[in-house]
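See structure below.
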2 protein chains.
Amino acid sequence: VLAGGVPTRSIRTAEDGWAVEVIDQTRLPHVVCFVRLETPEEAADAIRRMQVRGAPLIGTTAAYAVALAMRRDPGDACLDATASLLVATRPTGANLRWAVDEMKSLLEPLSPELRAKEAYRRAVAIADEDVEICRRIGEHGAGLLRAAAESAPHPSPLNVLTHCNAGWLATVDWGTALAPIYRVHKDGLALHVWVSETRPRNQGALTAWELGQQGVPHTVVPDNAAGHLLRTGRVDLVITGTDRTTAAGDVCNKIGTYLKAVAARDSGIPFYAAVPGPSIDWTLHGPDGVPIEERAAEEVAEVRGLSRDGSLETVRIAPAGSAVANFAFDVTPARLVTAIITERGICDASPKGLASLYPERAGKRIRTPETG
Amino acid sequence: VLAGGVPTRSIRTAEDGWAVEVIDQTRLPHVVCFVRLETPEEAADAIRRMQVRGAPLIGTTAAYAVALAMRRDPGDACLDATASLLVATRPTGANLRWAVDEMKSLLEPLSPELRAKEAYRRAVAIADEDVEICRRIGEHGAGLLRAAAESAPHPSPLNVLTHCNAGWLATVDWGTALAPIYRVHKDGLALHVWVSETRPRNQGALTAWELGQQGVPHTVVPDNAAGHLLRTGRVDLVITGTDRTTAAGDVCNKIGTYLKAVAARDSGIPFYAAVPGPSIDWTLHGPDGVPIEERAAEEVAEVRGLSRDGSLETVRIAPAGSAVANFAFDVTPARLVTAIITERGICDASPKGLASLYPERAGKRIRTPETG
């Protein structure tokens, strides 16, 4: 997709052929710049600080981080330590664990002198596979959007509500929830996207920026507005991404997703989750097993933005003495999910639905290195 | 209640006996200061800019504004113009219209030379009545909180979730939703309040500040967290205020309230609205007639807070080119409201329920000056 009119991915190998460059998402939408990662520690720090974010992009970044580690030291100890370092950065998203397990199971059987080259090859392949997964999610989801536009009770544009950022910035390119939107927009379907701002980290601003760069009409609203929009007929469908989806179809995603799903159900509006295969946790079979990350209080108590003089500044909004809690994700039970959109097609949010698309995975109930 | 350890009301007559002093709530929780209002225009401006806010306090401020007008010019033209000026400031809350109609119907029959004195007398009485209404809501609601604490499946503290600010800052003293909390806290019941921050205007910070001043344990969370808290058993009951409640029990309140109510229902948690009589609109009989105020985009696109150097600063968080919508209220349909707490007792959120407490009002279906 485009950033400043130039086709751009959120992560890339540097021109020197070994370092990794990622967009610093903590400075978006106000400043667009790439930062260079040279070590697995820098990559882990970028994940922890959310310079890179979005479960698929975190997975790809972790794969690159293993390659950076293997370039420095291809021994078993370094591979294990890097895997542990990466997995500890963020507990909720499934793709991180999936990518680290992918890399480990590929590299462990190899002799050390082959590992760096093979790690880079696989990291690049994971990035390319992610693009292909998102492209296919876009195709499958586009069918749902077109059908909704045709059956909408009022004339176009189709009104879509999304939450957080599940666009190309959260993946390598295209995005998950936004991929169908980019696809139908490219095909000329009239649509308008309600972007909920997604406190506390305000990833809605990333979505708004992305949509603006592609020329997709959109409106930013506070998270609180989602219910009003749904209840008063201003939304035709809701679509979000996921950080981890259980084998039963429970969708763990950015905090606030469940509120949108339950309000959508109350208003009879469909709620779809765009779910890449690597974000499915085949070891979980209900909504209550997902570890929910709790992040620093400052992310809630303080807000960063563009000051009048054009610099990025942080202001405190909470009273000095008040406790603050910062749960980063919530789980939408499968019963509230109208359907799941994957790279392999669309299915019910149920064990049977997911098993029909991933028969080779659905039988395995115990965590193995391969399934992560 | 206490502010800085000193018993304080949110509005008071100045020491000179005629001007009005209100806390400037746009500077809370960082700066506590009163501003002086000398004319109805200044009062209208304070309402519009939300230096005073909260439906009950807006009503009382409007009553004082009429008194300020009558002091300057007690003629019919000034009375009518002041009424129009005030009613146009904010469309959603019912108390504003109620207070203006109260003042008009009292003053119109009087000869001009009697009006100023009588207007001040009634404004002071409306303030005192508001305190008494809130005190009684506190008593009735306290019974619900005590019963919930006794029947809670886990040991204390009782966990209450509230939204926006329906405390003493939104009224004259005590508050509506917070009055029962202050009451049981004073009586020694162990409780903890989840305070949702209430984007875009962040009135949760007012609630957190209020609770902190009274020593009530509380935790600030992003609005997005409410569903997760409810779904995972961290909340025993939800209680909010209202800006306008229909005769059928539909509760119009700060944007985001409906999301909490629908998630509470999904989790089997009771949702209560604290409803002062003057906020009931007896002319409305369903959720779709309430005018929903839309406010400036800047309230969403920008955030004001305390900068590192201790000054109040505004930073922009939305991308420069993005459209923004700012609906200030939503409506929670009566079917999602477990019960309504009024100064006259607790009732079902239904025409019958409200009629049982206000039999003298429930029969009137046409707007009259008295019922507003």
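Throughout, protein chains are lettered first and strands after them, A, B, ... in sequence-line order, and every chain is numbered starting at 1. Just so you know, these numbers come straight off a predicted model, no measurement behind them.
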*Identify which of B/A320, B/P200, B/G204, B/G256 forms the greatest number of heavy-atom pairs closer than 4.5 Å to chain A.*
B/G256
*asked:* Please classify the contact of B/I292 with chain A as side chain, backbone, both or neither, using a heavy-atom distance under 4.5 Å.
replied: side chain
*Against chain A, label B/R201 side chain, backbone, both or neither, depending on which of its atoms sit under 4.5 Å from a heavy atom there.*
neither
_Using a 4.5 angstrom heavy-atom cutoff, name the option from A/G321, A/G227, A/A328, A/A301 with the most pairs to chain B._
A/G227
*asked:* Out of B/V303, B/L259, B/T257, return the one with the most heavy atom pairs under 4.5 angstrom to chain A.
replied: B/L259
*Can you tell which part of B/V195 gets under 4.5 Å to a heavy atom of chain A, answering side chain, backbone, both or neither?*
neither
*Considering only heavy atoms, which portion of A/L28 lies under 4.5 Å from any heavy atom of chain B: side chain, backbone, both, or neither?*
neither
_Rounded to the nearest 0.5 Å, what separates atom OH in B/Y258 from atom CG in A/D266?_
3.5 Å
*Heavy-atom contact with chain A under 4.5 Å, split by part of B/P29*: side chain
*If you take all heavy atoms of A/A205 and B/P319, which pair is closest and at what distance?*
O-CG, 3.4 Å
*Closest approach of B/P287 and A/R231, non-hydrogen atoms and distance?*
O-NH2, 3.8 Å
_A/R27 atom CZ, over 12 foreign heavy atoms within 6.0 Å_ = no
*Where on A/R265 is there a heavy atom nearer than 4.5 Å to chain B: the side chain, the backbone, both, or neither?*
neither
_For the CD1 atom of B/I317 and the CZ atom of A/R304, what is their distance to the nearest 0.5 Å?_
13.5 Å
*asked:* Let me confirm one number: the CG-CD distance from A/D223 to B/E197, rounded to the nearest 0.5 Å.
replied: 8.5 Å
_Structural part of B/L229 lying under 4.5 Å from a heavy atom of chain A_ = side chain
*Can you measure from CG (A/D330) to CG (B/N224) and round to the nearest 0.5 angstrom?*
8.0 Å
*Answer with side chain, backbone, both or neither: which region of A/H30 has an atom nearer than 4.5 Å to a non-hydrogen atom of chain B?*
side chain
*Could you check which of B/T314, B/V324, B/L230 has the highest count of heavy-atom pairs closer than 4.5 Å to chain A?*
B/V324
_Interatomic spacing from NE2 in B/H228 to OG1 in A/T332 - rounded to 0.5 Å_ = 11.5 Å
*Of all of B/A263, B/A318, B/S307, which one pairs up most often with chain A through heavy atoms under 4.5 Å apart?*
B/A263
*Contact class of B/E299 relative to chain A, heavy atoms under 4.5 angstrom*: neither
*chain A heavy atoms under 4.5 Å from B/L312: which part of the residue, side chain, backbone, both or neither?*
neither
*May I ask you to test the B/V315-A/V315 pair for a side-chain heavy-atom distance under 4.5 Å?*
yes
*Does A/E313 pair with B/R316 as a salt bridge, N-O distance under 4.0 Å?*
no
*Interface residue of largest heavy-atom contact number with chain B, from A/A208, A/P333, A/A225, A/G305, under 4.5 Å*: A/G305
_Side chain / backbone / both / neither for B/N202 at chain A, heavy atoms under 4.5 Å_ = side chain
_Testing the basics here: between A/A325 and B/P222, what is the closest heavy-atom pair and its distance to 0.1 Å?_
O-CD, 3.6 Å
_Proximity breakdown for B/P217 and chain A, heavy-atom pairs closer than 4.5 Å_ = neither
_Looking at chain B, which one of A/N326, A/L336, A/V262 has the largest number of heavy-atom pairs inside 4.5 Å, strictly under?_
A/V262
*Which residue out of A/T232, A/L206, A/L306, A/V331 racks up the most heavy-atom pairs below 4.5 Å with chain B?*
A/L306
